[in-house]
Amino acid sequence: MTHKPLSSQAIGRKEIVYTVSNMVIGLGILTLPNTIAKNTQFSDGWMSIILGGMIALAFAWAIGVLASRFPGQNYHAMASMILSRKAAHVLTLLISFYLLLFVSYQVRGVSTITRLYLFDNTPEEIIGLIYLLVLIYAVAGPSIALLRLNLIFFPIVVTIMLLIVLLNLGSLNVHYLLPVFKTDWRNIAASSKDTVFSYLGLEIMLFYNIYVVKKGKLPGSILRGLMIPICIYFVVFMFVIGVFGPMVVSNTLYPLAELAKEVEVPGGVFERFEFFFFVIWLMTLFSTNAMAFDVALLALESVFP
Amino acid sequence: MKTKQPGQTPEFLSTNLKENLETLSLLLNDPSDLTTKVFQVGGSAYTSAIVSLEGLSDQLLIKEQIIQPIQHNPEQFAASMEDVRKVLHEIENRMISLQITNRTRRWDEVIPVILSGDTILMLEGTDEVLLIKSRKWPGRSIEEPQTEALVRGPRVGFTESIYTNISLLRRHIREPNLTIDPHTIGRRSNQSLAVVYIKGLTNPELIEEVNRRLKSLDLDYAPESGTVEQWIEDSFLSPFPQILNTERPDKVTSALLQGKVAILLDGTPFVLLLPFTFVSLLHSPEDYYERWTIGSLIRLLRLVAIGITLFLPALYIAILSFHPGMIPFKLVFSIAAAREGVPFPAVIEALLMEVTLELLREAGIRLPKPIGQTIGIVGGLVIGEAAVQAGIVSPIMVIIVALTAISSFAIPSYSAGISFRMLRFSIMIAASFLGLYGIVMTFIMICIHLMRLHSFGVPYLSPVAPSIQHDWKDMFIRVPVTWLTRRPLFMKPQDTHRAKKR
């Protein structure tokens, strides 16, 4: 009688979807509505979100197809097969460099926002240091643990998003959303440039491809993983505009945090919901950062084995 | 078998009975509980000797079933007088009705047999001895387990005897595939240990791994299965238990039928069950005995209990020290009013009360039962009340400490409860430095640790991560039994179906 091995290093569809979604939703969503609202009128920014999402979906599909043609191989191996070994070195190093910059940018962002919303006196440096130490602990172990971390964190984050949206249903003002189609198409296109960048993060699948066993499912899973952030961005943007109005949003740095502030928990258990939101939000930021850091290390490792 | 004796140790017995008895006495270091009875075989001129250890063997049985039939043998040994071997053979076949385990002439086979309470029969003129099973170890009868009481469920618990325990399992699983792999552990104790599983169901990789780790065991003596557990667990640094222990045969039986492996050790009623996963922390046999709605709700309740045990005191500290704006301002006022006059910051207050509580709990275990309950009342009510009146802690703190204590008792596994209590203190300290941020960072670290942890090759957080959708039916909620047609898949059992497909 045959038997299956007890533990496997493989990731399935669910892991890929959650990983991509969690990676894409990061710091960007906090500022995104503000950036879009600056260039668009009323609720027209949704078109930028969808347009940017389309472009990102095209890239996602390309990444998925590319990765599924090289099953079980990482970016470095793919690049050395397609180009040359030296070119692969350069490209992988660039990606690693980019991801390290991404991580440092996010660590800084986390410390700023945490300081802003959670602390009065604690210096940013301490917050950042603690964050970095925990990050180092995270990347010191096997990557598969970080991929599986998404399975716990992502549902929590989605739940909290839904809560924010649902609990704000009462303060939604439809008049803020109207009229539609007032923005010039050039502005839409210009602001979708910003939204495209908020969909960054898919590229980690080029490296985590080594854990993908069912390669046929990869493109579809990445696309699904990207659809979730597009929906979340869309809903969040509409709600932010619908609750605060376009004027306020274009002048607020973190509209989503303000949206969380607006929440009134029934029963009055929490006076200020945004504390809760931030704490949960830290989880998704953390797993985004941990994966980016981990991939940066994986990239370095593949160049300097 | 290493008998570490000074001087020269003969390897084989001699044909001289007296010499043999002397050697035996020497080998065993002249023990006072060694009973030797020398007597003549009835109907012959041969002398024989019966040797056993008094406390470990059934003396009455020896007297009635061995000595009397031989001594009072009415028939004459006719032709076989000359041949000693034949006399021994006659004795073995016709006179002794007890089970004869072996015939040997080696001392190193004789010694362990005597030490485990069996009897040997020697005969003058031959170097062969009979090893007769007569062990009767002092033990208690089957009782209801103290640590895992259930409202509904069998009132049976394991005992200290491994044979009783195996028989309890056999009684429930009457099928030939129930396999018992014997091991002997302990350099000096030579205890028996058994690995129990169901062949054709349990993943062979798991069994192999368990047997491999047990072979690596090298110690003098395992007083409890906890010693074995610590030898073979995956990570000794982890605060989480990676092997479950239980006193309940029904728990072991259902675990075996799920594809788990049980390790039974002689001398302890605690049986080890592995692999162990995080979700089994929430599970108690009662969930399956009660109807599914009750079972499911109770599991969710336990999940809440884990959350309270881990985070409630830390949240109190964090909110009071860093984020008083988080809770409704009326509540802030009432807490502030209650803390009026308390000279310590929230973290000191919380640590004081939590440490007191742990002390009470520890003291309650040590004290005799009737007094233990008194201590609970005295400690819980009197100290809490007095501390509040003296203005050392606030009444809210007492409520929180009481809640965490109750919650930590709601976790079915005692050792898992302890690990949560340990983690609680680290989260409290993190909260005192960094508030909610500290709590969430600690939570993330615990999550990462759990992600990395394995129990005998099975990821600790399965079936959550890696996600195995099928097993969610029996995770936080338990679906009706008629839906549970397949065994949990995360242990990769060979035989997945336990009931007919609907």
Side-chain angles (χ1 to χ4, degrees), chain A residues 1-15 18 110-111 114-115 117-122 126-127 130-131 133-135 137-142 144-153 155 265 267-276 278-283 286-287 290, chain B residues 199-209 275 318-319 322-332 430 433-445 447-469 489-496:
Chain A
M1 214 178 201
T2 54
H3 66 89
K4 293 174 190 161
L6 274 178
S7 72
S8 68
Q9 293 280 297
I11 53 172
R13 166 177 283 166
K14 195 169 169 185
E15 276 96 342
Y18 282 21
V110 166
S111 2
T114 312
R115 164 92 214 252
Y117 283 93
L118 286 181
F119 291 114
D120 299 326
N121 300 318
T122 315
I126 297 293
I127 302 172
I130 300 285
Y131 191 75
L133 286 177
V134 181
L135 263 185
Y137 172 66
V139 294
I144 193 85
L146 298 179
L147 291 174
R148 286 179 180 157
L149 203 61
N150 294 319
L151 290 173
I152 293 188
F153 286 178
V265 182
V269 188
F270 290 109
E271 183 74 5
R272 287 165 68 188
F273 195 67
E274 81 267 20
F275 281 118
F276 200 58
F278 258 103
V279 166
I280 304 290
W281 201 247
L282 274 173
M283 291 186 203
F286 183 85
S287 58
Chain B
K199 202 181 248 171
L201 195 165
T202 311
N203 194 316
E205 199 182 308
L206 182 65
I207 301 164
E208 210 173 285
E209 179 66 18
I319 288 175
F322 290 91
H323 327 284
M326 191 175 156
I327 46 177
F329 69 97
K330 275 187 185 166
L331 184 59
V332 177
F433 283 113
L434 290 162
L436 274 178
Y437 183 71
I439 296 180
V440 79
M441 282 298 139
T442 327
F443 175 69
I444 289 175
M445 279 175 73
C447 281
I448 296 171
H449 170 71
L450 285 172
M451 291 291 165
R452 289 183 194 163
L453 197 59
H454 284 71
S455 169
F456 285 84
V458 175
Y460 201 64
L461 276 182
S462 52
V464 182
S467 164
I468 298 165
Q469 210 93 51
L489 298 178
F490 70 90
M491 281 174 288
K492 312 275 165 54
Q494 284 183 304
D495 174 26
T496 52

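All chains are named by letter (A, B, ...) in the order of the sequence lines, taking the proteins before the strands, and each is independently numbered beginning at 1.
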**Q.** CZ/A:F276: more than 12 non-hydrogen atoms of other groups inside 6.0 Å
**A.** no
Q: Output the distance between atom CD1 (A:I11) and atom OG (B:S467), rounded to the nearest 0.5 Å.
A: 12.5 Å
Q) Between B:H323 and A:F275, how do the two ring planes meet: parallel, tilted or perpendicular, split at 30° and 60°? A) tilted
Q. Which bit of A:Y131 is near chain B, if near means a heavy-atom gap under 4.5 Å: side chain, backbone, both or neither?
A. both
Q) Within 45° of the six-membered ring axis of B:Y460 and under 6.0 Å from that ring's centre, is NZ or CZ of A:R148 located there? A) no
Q. Given that the side chain runs from C-beta out, which part of A:F286 has a heavy atom under 4.5 Å from chain B: side chain, backbone, both or neither?
A. side chain
Q. What are the two closest heavy atoms between B:I448 and A:A138, and how far apart are they?
A. CD1-CB, 3.4 Å
**Q.** Atom group of A:I127 that falls short of 4.5 Å from chain B, counting heavy atoms
**A.** both
Q) Going through the checks in order, is the side chain to side chain contact (heavy atoms under 4.5 Å, CB included) test met by A:I152 and B:L461? A) CA-CA 10 Å; A:I152 293 188; B:L461 276 182; 3.7 Å; yes
Q: Please report the C-alpha distance between B:L434 and A:I130 in whole Å, then the side-chain angles of each, then the deciding distance to 0.1 Å, and finally whether the side chain to side chain contact (heavy atoms under 4.5 Å, CB included) criterion is met.
A: CA-CA 10 Å; B:L434 290 162; A:I130 300 285; 3.7 Å; yes
Q: Please state whether the side chain, the backbone, both or neither of B:H454 comes within less than 4.5 Å of a heavy atom of chain A.
A: side chain
Q. Considering all heavy atoms of both residues, which atom of B:V464 and which atom of A:L151 are nearest to each other, and what is their separation?
A. O-CD1, 3.5 Å
Q | Contacting moiety of B:E209, where chain A heavy atoms sit under 4.5 Å | A | neither
Q) In Å and rounded to the nearest 0.5 Å, what is the CE to CG distance from B:M451 to A:L147? A) 10.5 Å
Q | Gap separating the OH atom of B:Y437 from the CD1 atom of A:I126, nearest 0.5 angstrom | A | 10.5 Å
Q) What heavy-atom pair brings B:C447 and A:F153 nearest, and what distance separates the two atoms? A) SG-CE2, 3.8 Å
Q. What part of A:Y18 is in contact with chain B, defined as an atom under 4.5 angstrom from a non-hydrogen atom: side chain, backbone, both or neither?
A. neither
Q) Looking at B:F433, B:F490, B:F322, B:F456, which makes the most heavy-atom pairs under 4.5 Å with chain A? A) B:F322
Q) So, for B:R452 and A:G141, which heavy atoms are closest and what is the spacing to 0.1 Å? A) NH2-N, 3.2 Å
Q.
For B:E208, is the CD atom crowded, meaning more than 12 foreign heavy atoms sit under 6.0 Å from it?
A. no
Q. Considering all heavy atoms of both residues, which atom of A:M283 and which atom of B:I444 are nearest to each other, and what is their separation?
A. CA-CD1, 4.2 Å
